[in-house]
Amino acid sequence: MAEPAEPTQGPFSADDHAWMAAALRLAERGLYTTTPNPRVGCVIVKDGRLVGAGWHQQAGGPHAEIHALRQAGAAARGATVYVTLEPCSHHGRTPPCAEALIDAGVARVVAAMRDPNPQVAGRGIELLTLAGIRAEVGLMQEEAIALNPGFVSRMTRGRPWVRVKTAASLDGKTALLDGRSQWITGEAARRDGHRWRARACAILTGVGTVLADDPQMNVRHVDTTRQPLKVILDSRLRTPPAARILQGADTLIVCQQADPARLEDLLARGATVLELPGPEGRPDLALLMEVLAQRGVNELHVEAGATVNGALLAAGLIDEWLAYIAPVTLGHAARGLFEGPPLADMSARRQWRVMEINLVGEDLRLILRPV
């Protein structure tokens, strides 16, 4: 066996960047389908020419490296592999990709990032280097992480990446005083919102939204092979058995304490009811995040009212805020974005970093993260 090579981190050439960018574009094709697995792309290059390409398409199916190796065939020997995540080293639903790369005789593997999964966590790179393959990590790492914030969060923090979506007026209102909110933003923004639903593993709302709007909370306007899990925060099980949200995909209702009569009706409609008693008569949100992570939820998409949004904000559980702002005003008496106690001082204000600003139809879309 050849002497083990030490994994390195750059410097990377312009060609390296171009090929990794191609692998990242492939990984994006799995945006709606790979959950609970990460989105991964791979290209195999020999003598400056693409000989194999692939992406992870769905959990349980071949990983990106396997698709690319099958396409490359014998041309993989002596080639360079660009992959957006460290090749796996463990036997899960599929064999280890690191071993497949070794068996194919590749000469070099460039991974955008290490796998945060404790079952891998550097072991894939170690196997490659022990086999004499030149292994490098860190090329376009930020872009790779941005494709998989939920997977990284679940593996490193034991909870999903929580993205809160709001649709508000210029004066920060989400509904009229009587709760009516359809529609503040335009059709283009609403369709765009469905793309964010589609990439999520679960969609969370509150019973107040269910009672006021009777939403379906499913993915429409997007071609997808799956529907996210629906999660309803409902302390006293007020969700009507005939609610549209109970139709279609699996629904998890999280309560403080289940009333037997209401429980029976909801179970009959196919819902799962979970008791997670917490403070102030509400479900324990931090514990809920752990439960969802255990169920394989990477990204949690929240579409709720000010009560749920405020509770998540107070608990420090919001990782990202997807804010649509319509060029309309609703007046000071309309409903706001986040419920919470009044601030005693400006020093207590919440600060957000603007990550992205786009115009979607006639509406602004901001992506923000807490400072």
Side-chain angles (χ1 to χ4, degrees), residues 12 15-117 119-120 123-125 127-128 131 133-141 143-152 155 198-199 223-226 296 298:
F12 297 107
D15 284 346
D16 288 335
H17 280 83
W19 289 119
M20 185 60 79
L24 287 163
R25 288 193 295 272
L26 286 171
E28 288 179 1
R29 298 191 186 186
L31 195 64
Y32 304 144
T33 61
T34 63
T35 182
N37 288 358
R39 298 138 184 160
V40 183
C42 177
V43 297
I44 301 177
V45 179
K46 189 171 186 179
D47 299 327
R49 183 174 63 89
L50 179 70
V51 295
W55 71 95
H56 184 43
Q57 298 172 16
Q58 61 183 21
H63 288 186
E65 299 95 319
I66 304 305
H67 283 296
L69 285 170
R70 288 174 179 172
Q71 189 177 105
R77 184 162 298 277
T80 295
V81 177
Y82 297 90
V83 62
T84 60
L85 182 71
E86 174 186 1
C88 63
S89 59
H90 65 291
H91 285 269
R93 284 184 277 191
T94 58
C97 291
E99 291 183 4
L101 292 169
I102 293 168
D103 292 342
V106 304
R108 179 188 179 213
V109 174
V110 182
M113 61 179 285
R114 290 186 183 273
D115 194 331
N117 185 343
Q119 292 182 294
V120 183
R123 178 59 181 163
I125 295 297
L127 288 176
L128 295 170
I133 295 171
R134 181 182 171 191
E136 299 167 277
V137 184
L139 175 60
M140 303 183 75
Q141 177 174 273
E143 292 87 340
I145 292 174
L147 265 178
N148 291 292
F151 182 75
V152 173
M155 290 297 159
R199 65 176 285 166
D223 289 331
T224 179
T225 57
R226 63 171 188 89
N298 291 332

- Which value, rounded to the nearest 0.5 Å, describes the distance between Thr84 atom OG1 and Asn148 atom CG? 7.0 Å

- Message: Just to verify, what does Ala144 make a side chain to side chain contact (heavy atoms under 4.5 Å, CB included) with, not counting sequence neighbours?
- Response: Leu24, Ala112, Met113

- Query: Per the side-chain contact (heavy atoms from CB on, under 4.5 Å) rule, which among Cys42, Cys88, Pro62 passes with Cys97?
  - Reply: Cys88

- Task: Working to the nearest 0.5 Å, report the span between CG of Leu26 and NE2 of His56.
- Result: 14.0 Å

- Task: Please report the shortest heavy-atom distance between Gly41 and Ala27, naming the atom on each side.
- Result: N-CB, 3.3 Å

- Checking Arg199 side chain against Leu31 main chain: does a donor-acceptor pair fall under 3.5 Å? no

- If you look only at pairs with a residue in residues 16-29, which of them pass as a side chain to side chain donor-acceptor pair (under 3.5 Å), with sequence neighbours excluded? Ser13-Asp16, Asp16-Tyr82, Asp16-Arg108

- Message: If you compare all heavy atoms of Ala79 against all heavy atoms of Val45, which two are closest, and at what distance to 0.1 Å?
- Response: CB-O, 3.3 Å

- Query: Say you draw a straight line from OG1 of Thr80 to CD of Glu136; how long is it, rounded to the nearest 0.5 Å?
  - Reply: 8.5 Å

- If every non-hydrogen atom of Ala135 is compared with every non-hydrogen atom of Leu128, which pair is closest and at what distance? CB-CB, 4.4 Å

- Contact summary for Ile44 and Ala72, nearest pair of heavy atoms: CD1-CB, 4.1 Å

- Message: Evaluate Gln58 against Arg226 for side-chain contact (heavy atoms from CB on, under 4.5 Å), listing each step before the verdict.
- Response: CA-CA 11 Å; Gln58 61 183 21; Arg226 63 171 188 89; over 6 Å; no

- What pair of heavy atoms forms the shortest contact from Ala59 to Asn37, and how long is it? CA-ND2, 3.6 Å

- Could you give the distance from CG (Leu147) to OG1 (Thr34), rounded to the nearest 0.5 Å? 9.5 Å

- Item | Polar side-chain atom of Glu86 near backbone of Asp115 as donor-acceptor pair, under 3.5 Å | yes

- Query: Can you list every salt bridge (Lys or Arg N to Asp or Glu O under 4.0 Å) pair that touches residues 62-78, not counting sequence neighbours?
  - Reply: none

- What closest approach, in Å, do Pro87 and Val109 show between heavy atoms, and which atom pair accounts for it? CG-CG1, 4.2 Å

- Point-to-point distance, once rounded to the nearest 0.5 Å, from OH of Tyr32 to CG of Asp223: 9.5 Å

- Query: CD of Gln141 to CG of Leu85: how many Å apart, nearest 0.5 Å?
  - Reply: 10.5 Å

- Task: Taking the side chain as every heavy atom from C-beta outward, state whether Ser89 and Asn117 have any atom pair closer than 4.5 Å.
- Result: no

